[in-house]
Amino acid sequence: MKILILGSGLLGVTAAYELGKRGFDVTVIERKDACAADTSFANGGQLSYSHAEPWASAAVLSKLPKWLLRSDSPLVFRPRADPDMIRWGLSFLRNCTSFRADTNTVSILRLGLYSRKCMHKLMDEEKIDFDFSNKGILHIYSTQAELEHGKRQVEFQGKFGGDEKILTRDAVFELEPALTHSRQAIIGGIHAHHDESGNAHSFCLQLAEIASKKYGVKFEYGVSVTGIKKEGAQITCVITNKGEMKADGYVMALGSYSPVYLKKIGINVPIYPMKGYSITINANEFCPDLSLTDGTHKIVYSHLGDKLRVAGTAEFAGYDHSINEKRITPIVNAARTLLPKADWSQEISKWACLRPSTPDGPPIIGRTPYKNLFLNTGHGTLGWTQAAGSSTLLADIMENKTPEILLHGLTLGRYKKV
Ligand SMILES: Cc1cc2nc3c(=O)[nH]c(=O)nc-3n(C[C@H](O)[C@H](O)[C@H](O)COP(=O)(O)OP(=O)(O)OC[C@H]3O[C@@H](n4cnc5c(N)ncnc54)[C@H](O)[C@@H]3O)c2cc1C
């Protein structure tokens with residue numbers, strides 16, 4: 001059976017590997033000249049399986065008025081006459097109740113814990129060198145209110161399989177001595193000790209090579225999707241700059257661009273680009289060994305080989321990939337305050353990209369109204385964390401196998417109108 005996967009980011013590559021391994025004849029098409037060259041290129045590196053609280057929550061809602069007035073806040077909204085942005089924003093606000101946030105947390109956590117299992121299976125089967133670390137992720141807090149919120153989240157997630165440790169300030173410094181130099185107040189922390197980190201870009205490059213060598217997956221670069229043709233409830237072909245491409249089944253994994261092409265065939269997925277930024281520097285002995293999440297600034301840190309990656313910011317600015325220095329500055333300032341002894345004299349490598357974000361948080365995996373079109377998209381801030389699990393679920397659905405976990409809250413069906 002021939003499968004055409006659209007897009008070779010984390011979700012396209014992991015799907016290609018999983019489907020290739022199961023005997024499908026897989027081709028991946030990608031507009032760039034390599035895989036993982038877009039949003040999956042220089043992300044925060046965190047495999048944060050336990051980080052299940054969606055952006056849309058009562059806690060974020062209470063901070064919105066303050067954030068929207070500040071240019072250096074973690075969330076920046078550039079208002080524009082864009083009906084998709086307005087629809088997405090309203091849906092985001094509707095999801096900011098405690099009930100909705102808890103419901104979405106349960107779905108995200110279920111997928112996260114399953115992804116960890118799938119990722120470990122994959123790592124056992126394939127030798128991939130991607131600066132992997134299994135020392136956990138340390139969440140640090142600067143205010144009592146934020147720490148209390150974090151503790152409540154740990155307790156809630158504990159009922160659904162989550163397992164994190166609450167730490168005193170001294171325990172935080174003991175676990176990560178690099179933080180003792182911090183000029184930012186740290187009053188306590190949470191150690192997500194089952195969480196991990198690694199370089200998503202290296203991982204994708206090697207997994208794509210394994211998929212093609214071991215399972216005959218073909219990667220065709222420089223191929224841009226321009227449209228999709230349908231007949232009744234079937235997709236008949238994908239239109240590209242290189243002509244029409246036919247298969248028996250199609251997987252939509254175009255990240256933030258998925259809604260652009262789905263809309264043309266009448267499927268309205270609520271995915272909007274949420275721009276994020278990262279900086280990368282050469283690490284020195286004063287950089288943290290553990291991957292960190294600074295809950296106050298919504299910034300993450302990962303030590304990837306000899307580099308330190310720092311990532312954050314959610315900017316709503318449409319399909320604009322440009323690097324806005326005004327957004328980089330708060331990340332650099334926060335990192336310099338937290339890690340004053342890191343080497344800040346060097347040239348900083350900067351990057352910006354668009355997270356394919358749903359308003360409620362979980363991604364969209366599986367079936368569509370078209371019998372031979374499947375989705376593996378909308379992973380927002382957690383595409384690296386959820387890639388292995390999402391692609392295993394996708395392959396199960398395509399093979400008509402019962403998935404190992406409940407799909408509730410993870411499919412297109414959760415939105416009333418599609
Ligand atoms: C700053 C930042 C930090 C992040 N940190 C983390 C983190 O620490 N942990 C985590 O789990 N997640 C993180 N994420 C999220 C994660 O990186 C994304 O969820 C993930 O990369 C999305 O993968 P994807 O395959 O859906 O999209 P992409 O990687 O964007 O892949 C889609 C592919 O489709 C291609 N494409 C688009 N349009 C076309 C077309 N018309 N024709 C052909 N090809 C096309 C693109 O070139 C691209 O290669 C972060 C994201 C950002 C921006």
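For ligands, and for the atoms within them, numbers begin at 1 and follow the listed sequence.
- The aromatic rings of Trp384 and Phe130 lie perpendicular to each other, with more than 60° between the two planes, well past the 30° mark.
- Ring geometry for His201 against Phe41 counts as perpendicular: the plane angle is over 60°, on a 0 to 90° scale with 30° as the lower cut.
- Judged by the shortest distance from any of its heavy atoms, Val223 lies inside the 4.0 Å radius around the atoms of ligand 1.
- For atom 53 (C) of ligand 1, the nearest non-hydrogen atom from the set Lys275, Lys32, Arg355, Met274 belongs to Arg355.
- At a 4.0 Å heavy-atom cut-off, ligand 1 touches Tyr257 through the side chain alone.
- Here's the thing with Ile29: none of its N/O atoms is less than 3.5 angstrom from an N/O atom of ligand 1.
- Using the six-membered ring where Trp is involved, His139 and His51 have ring planes that are parallel, under 30° apart on the 30 and 60° scheme.
- Below 3.5 Å of separation, one finds an N or O of Gly383 facing an N or O of ligand 1.
- Atom CD of Glu285 has more than 12 neighbouring heavy atoms from other residues, nucleotides or ligands inside a 6.0 Å radius.
- With hydrogens and angles left out, the side-chain atoms of Ser50 and Gln157 include no donor and acceptor closer than 3.5 Å.
- Between His191 and His193, the two ring planes are tilted [angle within 30° to 60°].
- Counting only heavy atoms of the protein, atom 17 (O) of ligand 1 lies nearest to Asn43 ND2, 3.0 Å.
- In terms of protein heavy-atom proximity, atom 5 (N) of ligand 1 is closest to Gly44 N, 2.8 Å.
- Side-chain contact check for Asn324 and Tyr277: no donor-acceptor pair (N or O, by modelled atom type) lies under 3.5 Å.
- Ser291 and Ser197 share no donor-acceptor pair across their side chains, judged by distance under 3.5 Å alone.
- Here the heavy atom of the protein found nearest to atom 19 (O) of ligand 1 is Gly380 O, 2.8 Å.
- Between Trp384 and ligand 1, at least one pair of N/O atoms sits closer than 3.5 Å.
- With a 4.0 Å heavy-atom cut-off, ligand 1 is reached by the backbone of Arg31 and by its side chain too.
- Assignment of Tyr261 to the shell around ligand 1 is supported, since a heavy atom sits closer than 4.0 Å.
- Of the N and O atoms on the side chains of Thr337 and Arg183, not one donor lies less than 3.5 Å from an acceptor on the other residue.
- Atoms of ligand 1 lying under 4.0 Å from at least one heavy atom of Leu382, given by number and element, are 10 (C), 11 (O), 12 (N).
- Closest heavy-atom approach to atom 23 (O) of ligand 1 among the candidates Ser197, Ser40, Pro356: Ser40.
- The protein heavy atom nearest to atom 24 (P) of ligand 1 is Leu11 CD2, 3.9 Å.
- At least one donor-acceptor pair closer than 3.5 Å links the side chain of Glu176 to the backbone N or O of Ala178.
- Residue contacts with ligand 1: Ala37 is excluded, as none of its non-hydrogen atoms falls under 4.0 Å.
- Asn282 and Lys307 form a side-chain donor-acceptor contact under 3.5 Å, judged by distance and modelled atom types alone.
- Near Tyr277, the atoms of ligand 1 lying under 4.0 angstrom from a non-hydrogen atom of the residue are 1 (C).
- Ring geometry, Phe132 versus His120: the interplanar angle exceeds 60°, so the pair is classed perpendicular (tilted spans 30 to 60°).
- Looking at Ala36 against ligand 1, nothing comes within 4.0 Å, counting heavy atoms.
- For atom 34 (O) of ligand 1, the closest non-hydrogen atom on the protein side is Gly7 CA, 3.5 Å.
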Practice task
Dump the intermediate steps for side chain to side chain contact (heavy atoms under 4.5 Å, CB included) on Met85 and Phe77, then the final yes or no.
Solution key: CA-CA 10 Å; Met85 183 197 255; Phe77 186 68; 3.7 Å; yes
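- Residue Cys353 approaches ligand 1 through these ligand atoms, each under 4.0 Å from one of its heavy atoms: 53 (C).
- Closest protein heavy atom to atom 33 (C) of ligand 1: Glu30 OE1, 3.5 Å.
- Using a 30° and 60° split on the angle between ring planes, Phe156 and Phe160 fall in the tilted class, from 30° to 60°.
- A heavy-atom separation below 4.0 Å is found between Leu254 and ligand 1.
- Atoms of ligand 1 lying under 4.0 Å from at least one heavy atom of Gly276, given by number and element, are 1 (C).
- Heavy atoms of Ser48 come nearer than 4.0 angstrom to ligand 1 in no pair at all.
- Atom 27 (O) of ligand 1 has its nearest heavy-atom neighbour, among Gly255, Ser291, Pro273, in Gly255.
- The protein non-hydrogen atom at the shortest distance from atom 31 (O) of ligand 1 is Gly9 CA, 3.3 Å.
- Heavy-atom proximity to Ser224, at under 4.0 Å, picks out these atoms of ligand 1: 42 (N), 43 (C).
- When only modelled atom types and interatomic distance are considered, Asn376 and Ser391 share a side-chain donor-acceptor pair under 3.5 Å.
- On a distance-only criterion, Leu10 and ligand 1 share at least one N/O pair closer than 3.5 Å.
- The closest donor-acceptor contact from the side chain of Tyr370 to the backbone of Ile265 lies under 3.5 Å.
- Taking the six-membered ring where the residue is Trp, the centroids of Tyr257 and Tyr319 are separated by under 6.0 Å.
- Annotation: atom 13 (C) of ligand 1 to nearest protein heavy atom, Thr381 O, 3.1 Å.
- Within the 4.0 Å heavy-atom criterion, both parts of Gln46, backbone and side chain, lie near ligand 1.
- Nearest-residue assignment for atom 41 (N) of ligand 1 (options Val225, Val310, Thr39; heavy-atom criterion): Val225.
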